[in-house]
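All ligand and atom numbering here is 1-based and tracks the order in the structure.
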Amino acid sequence: MTTKEQLAGIRERYVAALSDSDPDAARTVIQDAISDGATTPQIYLSILTPAQVKIGELWHRGNINSAQEHLATAITMQMLDMQRQAAKPRSPRGLRALVTPVEGEMHFIGARMFADLLIMDGWDVDFFWMATPTKDLVQYLQGRRVDLIGLSTTMPEYLPNATEIAYEIQQLDPPRPKILLGGTAVRDLTEPDQYGADAIVTNVAEAADQARQLVGYSETLPTLQQQLATIGHNVRTARTRNKLTQKQLAQASGLDRTYISLVEHGKQNLTIAAILKIAEALKTPIKDLLEPTST
Ligand code: B12
């Protein structure tokens, strides 16, 4: 952990390196910060983000030109790569996120930072640095299990595109991914439902925690009662999705109808053989019956 004063000093040195278009100096600054014990969120939020904003101001005032601004962004991208390699991700959590800028949006560094923080938190992340057309994104999500989608919007004019994707995702078969909005265009917004989302994240340092909560991830093992309730919920969801009655599922799995009813109510301590039969009858991977779903 590095103090506020130390971070301010490092940030100044980093901005100077960017303004001088000097990638080697920028790398030295960040390496020094890492050796001084700066954490990844500190490097991302207290050094790289404000430095990028500062570069924007310098460009706006005509102190640097577009080429210098572009090189500054390219250098910051290299710093993100360096930091991701240096950081030690925790063990996998079995969660997958898709992180992307919304259609039309060319700013992707914020999205990339969020993607990195999730990777370091043990998530598998599909990161699209180029905004993908909404319809292709939705098609992609239909063929892949994704627990969470993080949408990044910088320019307020692209907020309707974020809302459009969110509403399209809501139409997907359950369990649909949870939808998280982030980026400067949403930082003052407080009502995610108005945009079809499940949450708006304004502080990316807390984003990984919030993402885990949103998908219902828990570090502690469930009690037997909770596990049976989860199985019951999943069996009922899969049965209705397959348009089967309890009686039809009972016949297909060779079990009793009352047994199925007890399972769905979380009241049956069922055997592994019974779970296998039910999974087979529902044509559902057994894993999908055991794990809590995110909807
Ligand atoms: C670099 C840059 C560019 C680069 C982008 C490079 C890239 N690949 O990302 C290029 C040159 C392409 C560019 C283009 C344009 N830009 Co520009 N750009 C910038 C600049 C200087 C820095 C942006 C940046 O990297 N910020 C650092 C990142 C890390 O911050 P961030 O995006 O806010 O992300 C943080 C949080 O918001 C959060 N977050 C972000 N996304 C998400 C998502 C989730 C899910 C979560 C949880 C969190 C999260 O995490 C980050 C943590 O710190 C800013 C200046 C500024 N004040 O920001 C202008 C700025 C954003 N650009 C601006 C403009 C106007 C443009 C152009 C229209 C310019 C033009 N006339 O062509 C185009 C827009 C093109 C488009 N369709 O998008 C304006 C936007 C004004 C506005 N609010 O509408 C700004 C503010 C400059 C200004 N003062 O005028 N730009």
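- A side-chain contact (heavy atoms from CB on, under 4.5 Å) with Thr153 is found for one member of Thr163, Asn161, Thr184, Val102 and no other, namely Val102.
- Note that CD1 of Ile30 and OH of Tyr14 are 5.5 Å apart. Values are rounded to the nearest 0.5 Å.
- A salt bridge between Arg13 and Asp32 is present, with a side-chain N of the basic residue lying under 4.0 Å from a carboxylate O of the acidic one.
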Just list the N/O pairs, ligand 1 to protein, that are under 3.5 Å apart, with the distance for each.
residue	atom	partner	partner atom	Å
ligand 1	8 (N)	Met106	O	3.4
ligand 1	9 (O)	Phe108	N	2.8
ligand 1	16 (N)	His107	NE2	2.9
ligand 1	18 (N)	His107	NE2	3.1
ligand 1	25 (O)	Gln52	NE2	3.2
ligand 1	41 (N)	Ser152	OG	2.7
ligand 1	53 (O)	Thr49	OG1	2.7
ligand 1	62 (N)	His107	NE2	3.0
ligand 1	77 (N)	Gly104	O	2.9
ligand 1	77 (N)	Tyr158	OH	3.3
ligand 1	78 (O)	Glu105	OE2	3.3
ligand 1	78 (O)	Met106	N	2.8
ligand 1	91 (N)	His107	NE2	2.8

Quiz prompt | Steps toward side-chain hydrogen bond (donor to acceptor under 3.5 Å, both in side chains) verdict (Gln170, Arg176) | solution = CA-CA 7 Å; Gln170 284 200 19; Arg176 65 155 176 87; 5.3 Å; no
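- Salt-bridge annotation for Asp147 and Arg96: absent, with no side-chain N of the basic residue lying under 4.0 Å from a carboxylate O of the acidic one.
- Under the salt bridge (charged side-chain N to carboxylate O under 4.0 Å, His left out) criterion, Arg236 pairs with Glu264, sequence neighbours left out.
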